[in-house]
2 protein chains.
Amino acid sequence: MAKSTTPSKPASARQRGVTMTDVAKHAGVSRTAVSFVLSNRENASISEETRTRINDAVQALGYRPNAGARALASRRSDWYGIVTEIVTAPFAVDIIKGAQDQAWLDRRFLLVAPSDQADAQGPNQGLEDAATEKLLEQRVEGLLYAATFHRGVHVPQSANEVPTVLINCFDADGKLPSIVPDERAGGRVAVERLLKAGHTRIGVINLDPDIPAAVGRLEGAREALTAAGLDLDPELVVSGYATADGGYEAAGRILDRYQGEHRPTALFCLNDRMAMGAYDAIKERGLTIPGDIAVIGFDNQELIAAYLRPKLTTVALPFEEMGALGVRTLAALTAGQPIIADQQLVDCPLLERSSV
Amino acid sequence: MAKSTTPSKPASARQRGVTMTDVAKHAGVSRTAVSFVLSNRENASISEETRTRINDAVQALGYRPNAGARALASRRSDWYGIVTEIVTAPFAVDIIKGAQDQAWLDRRFLLVAPSDQADAQGPNQGLEDAATEKLLEQRVEGLLYAATFHRGVHVPQSANEVPTVLINCFDADGKLPSIVPDERAGGRVAVERLLKAGHTRIGVINLDPDIPAAVGRLEGAREALTAAGLDLDPELVVSGYATADGGYEAAGRILDRYQGEHRPTALFCLNDRMAMGAYDAIKERGLTIPGDIAVIGFDNQELIAAYLRPKLTTVALPFEEMGALGVRTLAALTAGQPIIADQQLVDCPLLERSSV
DNA sequence: CGTTCCAAGTAACGCGCGTTACCCACAAGG
DNA sequence: CCTTGTGGGTAACGCGCGTTACTTGGAACG
């Protein structure tokens, strides 16, 4: 029986349209008084008695404030908008989760609008502008743009009308504040982990060398090696498609090229999907992980990293944290505070599992 | 230079607060006239000339309607709300995508609010009620509830105040319309595919036998076998945790139990993660896929299915379609149309890859 | 020339609420 | 007795827009 749930709410709540005036009438006061107690106005002089009378009336009638009307009158919506192709390509949903949670804590609402920037020639060309426009029609107080992978983007003009923060991407032609993962530190920490395990001959399965992720992670790897008095052997860096097949193929090349002691004892795969492929290449050659070859990944794609056998040690992209930080930054901006930094780097933590 | 983008939008657009009155003044007409042309009113008698004059004014001033005010005056928000733990556990984000896209087509907006029903003892207990409440404050015209996995749920009382549709879940104690995958047909189609490939001895890696997914899929499998004049050998059905490890272990058990001709030649894994584990178990025993053992999965978790080697043939859960159908159903309800059906089943299509 | 009718608009009210200015009774102070 | 607060409220305006009723100038009609 559903009868047992929240019996405190009376049936009258079901009839829509209980307004502040109704509450006022029921409590025998003016609408203004109701407004004052409901918005917890500081210097309002309302006696404790009528205050409770009003609250009782609210309960009795099942009054529910009308957010739209409130926004209209107060000229502030408590809404942020986020436009993102994540809805379309759900690789980095955790950004939304982080942002959503943070917004919720701040008693704000997040309007999610779809974008398709990823495929600029797709049928939804212009969807992004439309989405931004729609959000502005809702009078959002700030805008977030989130990308599925770290890259430069072009933000619609109209985004300038309201504070804007970029998440997991950066403004290719302007100076909007942005929040991106610290790829370099991530690459460093990954290689440091391998060094700590005693590996000195480390192969790198690289991504498309031009994207920010590849540049940063490789740079970090180089730093770690240099700090240990080693060099990054260009011979040991091979690129491939950012897929399992690409990783399989690239790992195969590097493993077949060397024998015995010359063979690298560890592979740094610049993303988890490639690590997944590398696993197969290693196993096919009768080698074990991490016994013969240690593997470390990047991205921490749960479905892969946590389910590979052995489970993959990898560096996590801080999606959730970036989302939350985005909202916090936006809150600061809309409150009129100065921008904290043009670009904020968020740490990529190492997740120890069993492949090193 | 950002200067090259959308030069059509004048700088004046940046000053907020261009209102309909401004447009009217600029066009030399009344505000009513502006309202009429902007809302494309049918029987409004506005001459073609003033109509264009008004449109020009809109362009010139960069007028943007205020959705909140419009909602207030027209008493319809064009918003649906969706509350879901998907934000928290992004397994089935495609539901949101499907719903979002459909809503966008209908020129409606989807407000996404988080839930945590999945872990009822979590710190966010009651979050769901709060989310619903918040959505109702926004005066959404309808509500969607979406779950990450097919199951029964309890919906907050207040959801009754407005048309409500459940996606990927069903009302455990009421009669709200719901949309769920046709697990049985999915199980059937999976086994039919194996039968078609000539397999008659089929092992089943089962989930927790109590959840709807397991019940339905197994039932479907049985149907397919019966239709082929075969029986579902209970010996060949083994359960395990719904993880890669669970699948590895269960598949190992089943493979080690039989030798030679008695060994099943195909495995129907009731989800892809278990299939992922089964792959390892099979390969470790020196068997090939699909040569020695064919494998078919369920769920179509892209990250797994598309990247396993060989790629996994599996049955897809129609998340996106369910989301879209949910919005369409909601649209029908809010338009006053009768409920199409208490529970709508959505097809689970077979995705052929290379493991059968 | 008076009436009718219609195209082309406009005045004015209300949506539900925040907010500012104001009011009033009463007590304290001089 | 008159002033001056002060606690406890209220009247009224405006937020930006949809909508209904009303107006007006001219053309058609008899």
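Proteins get letters first, then strands, A, B, ... in listed order; numbering begins at 1 in each.
Judged purely by atom type and a 3.5 angstrom limit, Asp106(A) has no side-chain atom pairing as donor or acceptor with the backbone of Ala103(A). Between the side chain of Glu128(A) and the main chain of Pro156(A), no donor-acceptor pair closer than 3.5 Å is present. Under a 3.5 Å cut-off, the side chain of Asn168(A) and the backbone N or O of Ala147(A) do form a donor-acceptor pair. Judged purely by atom type and a 3.5 angstrom limit, Arg107(A) has no side-chain atom pairing as donor or acceptor with the backbone of Trp104(A).
The side chain of Arg75(B) sits closest to dC15(C) out of dC15(C), dT10(C), dT10(D). With distances taken from any side-chain atom of Asn66(B) to the nucleotides dT10(D), dG16(D), dA11(C), the minimum falls on dG16(D).
One finds no side-chain N or O of Ser74(A) lying less than 4.0 angstrom from the OP1 or OP2 phosphate oxygen of dC15(D). Distances shorter than 4.0 Å separate some side-chain N or O of Arg70(A) from OP1 or OP2 on dG18(C).
When rounded to the nearest whole Å, the span between CD of Gln138(B) and C1' of dC17(C) equals 14 Å. Here dG18(C) presents its C1' atom at 12 Å from CZ of Arg76(A), a figure rounded to the nearest Å. As a whole-Å value, the separation of Arg64(B) CZ from dC15(D) P is 19 Å. Counting to the nearest Å, the P atom of dG16(C) and the CD atom of Glu137(B) are 15 Å from each other. One interatomic measurement links the two molecules: CG of Asp78(A) to P of dC17(C), which rounds to 15 Å at whole-angstrom precision.
Using a 4.5 Å cut-off on side-chain heavy atoms (C-beta onward), Tyr145(B) and Thr132(B) make contact.
In this view, Thr50(A) and Ser47(A) satisfy the side chain to side chain donor-acceptor pair (under 3.5 Å) rule, not counting sequence neighbours. Residues satisfying the side chain to side chain contact (heavy atoms under 4.5 Å, CB included) criterion with Arg328(A), sequence neighbours excluded, are Gln102(A), Glu321(A), Ala324(A), Leu325(A). For Asp101(A), the side chain to side chain donor-acceptor pair (under 3.5 Å) test picks out Lys97(A), with sequence neighbours left out.
Residue-to-nucleotide proximity on DNA chain C shows that, of Leu72(A) and Arg31(B), the 5′-proximal contact is made by Arg31(B).
Heavy-atom distances under 4.0 Å link DNA chain C to Ser45(B), Ile46(B), Ser47(B), Thr50(B) of residues 38-55 of chain B, given in residue order.
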Quiz item: Checking side-chain contact (heavy atoms from CB on, under 4.5 Å) for the pair Thr84(B)/Ile95(B): CA distance, chi angles, key distance, verdict?
Solution: CA-CA 10 Å; Thr84(B) 167; Ile95(B) 293 181; over 6 Å; no
Practice problem: Kindly determine whether Trp79(B) and Gln138(A) satisfy side-chain contact (heavy atoms from CB on, under 4.5 Å), including the steps that lead there. | Solution: CA-CA 11 Å; Trp79(B) 293 341; Gln138(A) 310 292 338; 2.7 Å; yes
Quiz item: In B/S/- notation, 5' to 3', how is nucleotides 21-29 of chain D contacted by protein heavy atoms closer than 4.0 Å?
Solution: ---------
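Taking five base pairs at each end of the helix from dC1(C)-dG30(D) to dG30(C)-dC1(D) and finding the rotation axis that steps the C1' atoms of four pairs onto the next four gives two axes whose angle is 70°, to the nearest 10°.
Residue contacts for Ser35(A): at a heavy-atom cut-off of 4.0 Å it reaches a base atom on one of the strands shown.
A salt bridge does not link Arg70(A) to Glu137(B): none of the charged side-chain nitrogens sits closer than 4.0 Å to a carboxylate oxygen.
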